[in-house]
Number of protein chains: 2
Amino acid sequence: MAKIDLDRRAEIGREKRARTRAQILEAGTMLLAERPPEALTVDAIVEAAGVAKGTFYYHFQGIEELAAAVGERLGESFDDLLTAARLELPDPIARLSFAFTQFLDRAISDPVWARLVVQSSHAPTEFARSIRAHLKADLTEAIDQGRLTVRDVEMAADIVLGIWLQVVRSSLERRPAPDLAGQALRAVLRALGA
Amino acid sequence: MAKIDLDRRAEIGREKRARTRAQILEAGTMLLAERPPEALTVDAIVEAAGVAKGTFYYHFQGIEELAAAVGERLGESFDDLLTAARLELPDPIARLSFAFTQFLDRAISDPVWARLVVQSSHAPTEFARSIRAHLKADLTEAIDQGRLTVRDVEMAADIVLGIWLQVVRSSLERRPAPDLAGQALRAVLRALGA
DNA sequence: AGTCAATTCGACTATACAGTCAATATGAAA
DNA sequence: TTTCATATTGACTGTATAGTCGAATTGACT
């Protein structure tokens, strides 16, 4: 009689647990969008999430673990936007252009997401590494096809990421100009010599 | 008999004061190069500077004031590098190119300076505003002369600053490629459509 | 060698924050 | 209604940091 009871109990637990965990994750996301993790306190998180301090430690080991979880979700959001491009576009430059525009549109329409990405770009996180790796794969392919003036992959990646990040930062401070994404993309392609 | 004494005393004071203040400023500069101001503690500063806590508060109101002082010195270092260009080069694109290269060479040869600049670029400081203003002045002039494909000054500034910052970040993580500055400059000029 | 204004020191108080834990609440199942 | 594994609570302890202040030191000048 014990077996079924225990499994069911655990399942109920997981559901309730998941809801509260999501609240904390959401609060953490908002706060990490406006300050670096070093400046984030557990008290601030639990206040924003509307839970008790003990609850935070029931779900996370500490702020680092929360930051890692937020980073993972951020990485998934990038993957979501990338999947379409990777499957449908065989041309590396078209793929890169599509992804660049997708990410930029998202940043413009979702400032919290944009702030979070900008903050995350400061400390080199796992997801930042992954993005740069994806980008370098496309750029290497394009360079091997002799379609770029730039020959150094690292320099090419810096150009794309640098312009993207700075345009995103600008879009958070000023009202984004119309066709911002298009203008930025054309500048990137010119810089790469595509 | 009092007048001269008091003035002389004050002068002696200013000299001693200046030495200790410089120590604290130096320590603060090192620490602000590796962490954001929100994550900086007075205890860490006084330990690095080798002075007592009270001494810090004798010279600065708090960490914000120290950060402002560091920012001001950083601004001066930029002005120093800019002065030559502003006086000798009448052409805005040549001026911009010269400054870009100067700043990049400095960043590559002085990693602490580079880290400090990168950190400062996160929060919009007074000196960041000033740099962008200088840059926009040159870009506006070039655009008015019809020498750039990019028409939007903000976009043009984002391109220059974005590539510069990202290349500097890269130079701190990887070993800088030979002719990094030249490559980066050519990419910027292509992006602007010069 | 004595004087004294300016500077420096570090112990001290107060507060903020991290992390723990015994008590309480929850809610599906019996 | 009662049971009980799980989840939640918030008071509590310990530590780190902010900021203060009276005492000690410094060093040019007499």
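Reckoned from all heavy atoms, side chains included, excluding hydrogens, waters and symmetry mates. Here is the naming used below: chain letters follow the sequence lines, and residue numbers restart at 1 for every chain.
- Base pairing in DNA chain C yields stems of at least 3 consecutive Watson-Crick or G-U pairs, both distances under 3.5 Å, namely C:1-30 with D:1-30.
- B:His122 has its side chain within reach of B:Val118: a pair of non-hydrogen atoms, C-beta onward, lies under 4.5 Å apart.
- Atoms CZ (B:Phe56) and P (C:dG10) sit 17 Å apart, rounded to a whole Å.
- Protein atom CD of A:Glu47 is 14 Å distant from nucleotide atom P of D:dT9, rounded to whole Å.
- Sparse packing is recorded around CD of B:Glu47, with 12 or fewer heavy atoms of other residues, nucleotides or ligands lying under 6.0 Å away.
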key: Criterion side chain to side chain contact (heavy atoms under 4.5 Å, CB included) on B:Ile159 and A:Val188, from CA distance to verdict   = CA-CA 9 Å; B:Ile159 290 167; A:Val188 166; over 6 Å; no
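- In this entry the distance linking CD of A:Glu38 with P of C:dC17 reads 15 Å, nearest Å.
- When atom types are taken as modelled, the side chain of A:Arg190 and the backbone of B:Ala191 share a donor-acceptor pair closer than 3.5 angstrom.
- Looking at A:Glu65, its side chain does come within 3.5 Å of a backbone N or O of A:Gln61 through a donor-acceptor pair.
- Within the structure, every side-chain polar atom (N or O) of B:His59 is placed at least 4.0 Å from both OP1 and OP2 of C:dT7.
- Here the side chains of A:Val70 and A:Leu74 are not in contact, with every heavy-atom distance at 4.5 Å or above.
- Residues A:Phe78 and A:Thr83 are not in side-chain contact: their nearest non-hydrogen atoms beyond the backbone lie 4.5 Å or more apart.
- Across C:dT8, D:dA7, C:dG10, the shortest atom-to-atom separation from the side chain of B:Tyr58 is found for C:dT8.
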Measure all distances between protein nitrogen or oxygen atoms and nitrogen or oxygen atoms of nucleotides 18-22 of chain D, and list the pairs falling under 3.5 Å.
residue	atom	partner	partner atom	Å
D:dA18	OP1	B:Val42	N	3.4
D:dA18	OP2	B:Val42	N	2.8
D:dA18	N7	B:Lys53	NZ	2.6
D:dG19	OP2	B:Tyr57	OH	3.3

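- Side chains of A:Arg186 and B:Met155 form no contact here, defined as non-hydrogen atoms less than 4.5 Å apart.
- Taking atom CZ on B:Phe60 and atom P on C:dT7, their separation rounds to 14 Å, with Å as the unit.
- For the pair B:Arg19 CZ and D:dG27 C1', the computed distance is 10 Å after rounding to whole Å.
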